Protein chains: 2
Amino acid sequence: MTPVDELSASMEDYLEAIYHIVTAKQAARAKDIAKRLDVNNSSVTGALRTLSEKGFINYAPYDVITLTPKGHKHAEDVVRRHEALMDFFTKVLCVDRTEASEAACKMEHAVSRNILDRLIRFVEFIEICPRGGETLIQGFNNHCRQEGNFITCQDSLARCLEDLKQRQKDIEGDLLETAPLNDLRQDQRGKILKIKGKGGISKKLAELEVTPGSIVEVIQTDTETGALDIKVRGYRLSLSTEEAAKILVERSGN
Amino acid sequence: MTPVDELSASMEDYLEAIYHIVTAKQAARAKDIAKRLDVNNSSVTGALRTLSEKGFINYAPYDVITLTPKGHKHAEDVVRRHEALMDFFTKVLCVDRTEASEAACKMEHAVSRNILDRLIRFVEFIEICPRGGETLIQGFNNHCRQEGNFITCQDSLARCLEDLKQRQKDIEGDLLETAPLNDLRQDQRGKILKIKGKGGISKKLAELEVTPGSIVEVIQTDTETGALDIKVRGYRLSLSTEEAAKILVERSGN
DNA sequence: TAAAAAATTTAGGCGACCCAAAGTTTACCG
DNA sequence: CGGTAAACTTTGGGTCGCCTAAATTTTTTA
Ligand SMILES: [Mn+2]
Ligand SMILES: [Mn+2]
Ligand SMILES: [Mn+2]
Ligand SMILES: [Mn+2]
């Protein structure tokens with residue numbers, strides 16, 4: 001049998017499914033899982049027993065299913081891999097979401113820690129680098145489609161220069177500003193300049209290798225409490241206003 | 001049982017191993033395969049039977065193993081996937097070769113046709129695009145390593161502009177020239193400008209979706225016959241001098 | 001509250017892998 | 001030619017993931 005802390009690809013998919021169902025509703029039932037993964041009910045029971053034996057889920061026959069802390073953590077990791085691959089496929093390679101998600105769900109079990117990390121950083125970099133961004137992706141798309149009426153290196157270079165100069169103008173007009181993270185609104189992004197303090201959130205971010213230069217995206221804001229859901233380096237985090245205030249970012253011009 | 005034309009991940013690995021062994025020596029023996037894949041001899045026998053039944057290899061008990069045309073074709077496809085992922089990991093993500101190869105060999109079985117295609121084109125694009133290339137990758141590496149002394153968007157953009165201008169100068173001095181593919185030497189690359197003729201090589205390239213704009217790399221040249229081994233869109237091809245002469249490329253400044 | 005319906009589990013089976021140990025075949029040498 | 005070592009195959013046994021059919025439990029409904 002596989003070691004108690006490890007999961008086969010199939011078991012990871014079950015765990016992932018449970019995670020999504022538990023997030024949407026309160027708890028998962030075997031039937032939901034079977035439907036989501038398109039497998040037979042009895043297959044689910046078998047998987048549940050395995051996951052339960054290994055301590056990933058709370059499960060008793062006929063009872064409702066929830067994740068243990070260990071299971072939750074592992075599920076989040078699977079989801080992170082899934083989303084990271086998905087982001088790369090959709091944002092960089094311009095593959096449509098359905099196909100990207102299917103491929104991601106197969107590949108997520110085979111990607112190594114380190115390569116995943118580089119991939120996340122690469123997408124981040126392409127999105128934020130002045131020579132990357134939208135226009136690079138556009139250029140890539142043209143490159144893919146070009147049939148005859150392509151451009152020479154020289155022309156291509158000239159165009160790139162044009163493009164960057166234009167962007168410089170845009171940015172100068174826009175005057176990028178520095179702001180605490182809690183000033184950002186939903187869907188805005190920023191580049192981390194500084195993380196104040198030593199313990200608490202600062203430590204946590206350091207553990208995740210979130211450093212100045214990393215890109216943060218605000219996923220959601222709670223208008224009442226001011227709490228933020230952010231995504232950084234592939235991780236989804238929730239921050240209180242106080243915590244967010246400690247993070248200084250340069251607003252991304254977008 | 002899986003359909004007769006399809007192979008499981010495991011069987012693909014066996015096929016891949018056989019391909020490499022057959023390429024190196026004349027034919028493969030069960031023992032070589034077992035050693036290469038680090039599995040038990042008896043597992044190899046089982047795999048050989050399966051591959052033989054499905055028509056991928058020529059195999060008789062106690063005899064030497066070779067690939068059928070069908071097997072050769074499928075093996076080349078597996079290798080193409082392996083190399084494409086490997087290229088992306090090493091050239092773009094800067095992962096070291098050993099790790100890249102391991103990861104590629106796991107992921108190669110999960111990557112979809114379309115995504116593989118986009119990936120190959122992306123690597124090609126990054127290598128050839130003026131705003132991509134070496135300096136972009138360097139920028140990416142800096143982005144990964146930066147701890148505190150990172151750059152703001154504005155500075156970053158200025159640097160990029162500098163870099164592109166410099167490159168423009170380099171290119172102007174170098175004056176890129178147009179040449180038939182057979183003029184390129186080993187390890188040189190070029191961007192396809194035009195493919196002359198209708199049938200033969202032209203048709204074959206069209207089938208592989210090799211079009212003007214695609215990047216060709218010369219892997220090896222035969223000084224006697226002038227034949228070329230090239231790599232284009234992830235495919236390895238052998239061309240005679242006459243065939244190569246029909247392909248007009250713009251020399252890559254590298 | 002008892003029967004019907006729905007959900008879940010159990011039992012049994014299959015295919016794809018893999019391994020250890022035991023048995024065969026082959027190649028080669030004195 | 002016989003003996004032997006190396007290479008190879010077969011046998012038997014185990015895991016994993018999935019399925020169907022049948023049994024069991026829970027929930028709904030009349
Ligand atoms: Mn998956
Ligand atoms: Mn997934
Ligand atoms: Mn492989
Ligand atoms: Mn491989």
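Predicted, not measured: the structure shown is a model, and the values here were computed from it. As a basis for the values below, the full set of heavy atoms in this structure was taken, side chains included, without hydrogen atoms, waters or symmetry mates. Chain letters run A, B, ... following the sequence lines, proteins first and then strands; every chain starts at 1.
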*Not counting sequence neighbours, which residues clear salt bridge (charged side-chain N to carboxylate O under 4.0 Å, His left out) with Glu217(A)? List them please.*
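For Glu217(A), no residue satisfies salt bridge (charged side-chain N to carboxylate O under 4.0 Å, His left out) once neighbours in sequence are set aside.
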
*Could you say whether Gly46(B) or Arg29(A) is positioned toward the 5' end of DNA chain D, judged by the nucleotide with the nearest heavy atom to each?*
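The residue closer to the strand's 5' end, by nearest nucleotide, is Gly46(B).
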
Rounding to a whole Å, what distance do you find between [X]:[atom1] and [N]:[atom2]?
X	N	atom1	atom2	result
Ile65(A)	dA7(C)	CD1	P	14 Å
Lys54(B)	dG15(C)	NZ	P	13 Å
Tyr59(A)	dT9(C)	OH	C1'	7 Å
Leu51(B)	dA16(C)	CG	P	12 Å
Leu48(B)	dC8(D)	CG	P	10 Å
Lys31(B)	dT9(D)	NZ	P	14 Å

_Contact letters for nucleotides 17-26 of chain D, in which S counts primed atoms plus P, OP1 and OP2 and B counts the base, heavy atoms under 4.0 Å_ = SSBB---BSS

*asked:* Tell me whether Arg49(A) forms a cation-pi arrangement with Tyr59(A), defined as NZ or CZ under 6.0 Å from the six-membered ring centre and within 45 degrees of its axis.
replied: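 No, Arg49(A) does not sit over the ring of Tyr59(A).
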
*Before giving the answer on side-chain hydrogen bond (donor to acceptor under 3.5 Å, both in side chains), spell out for His82(A) and Ser101(A) the whole-Å C-alpha distance, their side-chain angles and the decisive distance to 0.1 Å.*
CA-CA 8 Å; His82(A) 184 113; Ser101(A) 187; 3.2 Å; yes

_Below 4.0 Å: OP1/OP2 of dT9(D) and any side-chain N or O of Arg49(B)_ = no

*Pair Thr66(A), Asn58(A): side-chain N/O donor-acceptor within cut-off below 3.5 Å*: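 There is such a pair (donor and acceptor under 3.5 Å, judged by atom type) between the side chains of Thr66(A) and Asn58(A).
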
*Are side-chain N/O atoms of Arg118(B) and Asn141(A) paired as donor and acceptor at under 3.5 Å?*
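Their side chains do contain a donor-acceptor pair, which is all the 3.5 Å distance test asks for.
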
*Please lay out, stage by stage, how Ser112(B) and Asn114(B) fare under the test side-chain hydrogen bond (donor to acceptor under 3.5 Å, both in side chains).*
CA-CA 6 Å; Ser112(B) 77; Asn114(B) 186 28; 5.8 Å; no

*asked:* Whether Lys231(A) and Asp87(A) form a salt bridge (side-chain N of Lys/Arg under 4.0 Å from carboxylate O of Asp/Glu) is what I want to check.
replied: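 Answer for the salt bridge query: yes.
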
*Consider the side chain of Ala30(B), meaning its heavy atoms from C-beta on, and name the nucleotide among dT9(D), dT10(D), dT9(C) that approaches it most closely.*
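It is dT9(D).
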
_If you count heavy atoms of other groups shown closer than 6.0 angstrom to NZ of Lys203(B), is the number above 12?_
no

_For Glu134(B), I'd like to know if atom CD has over 12 heavy atoms of other residues, nucleotides or ligands within 6.0 Å._
no

Protein-nucleic acid N or O pairs under 3.5 Å, nucleotides 3-5 of chain C:
none

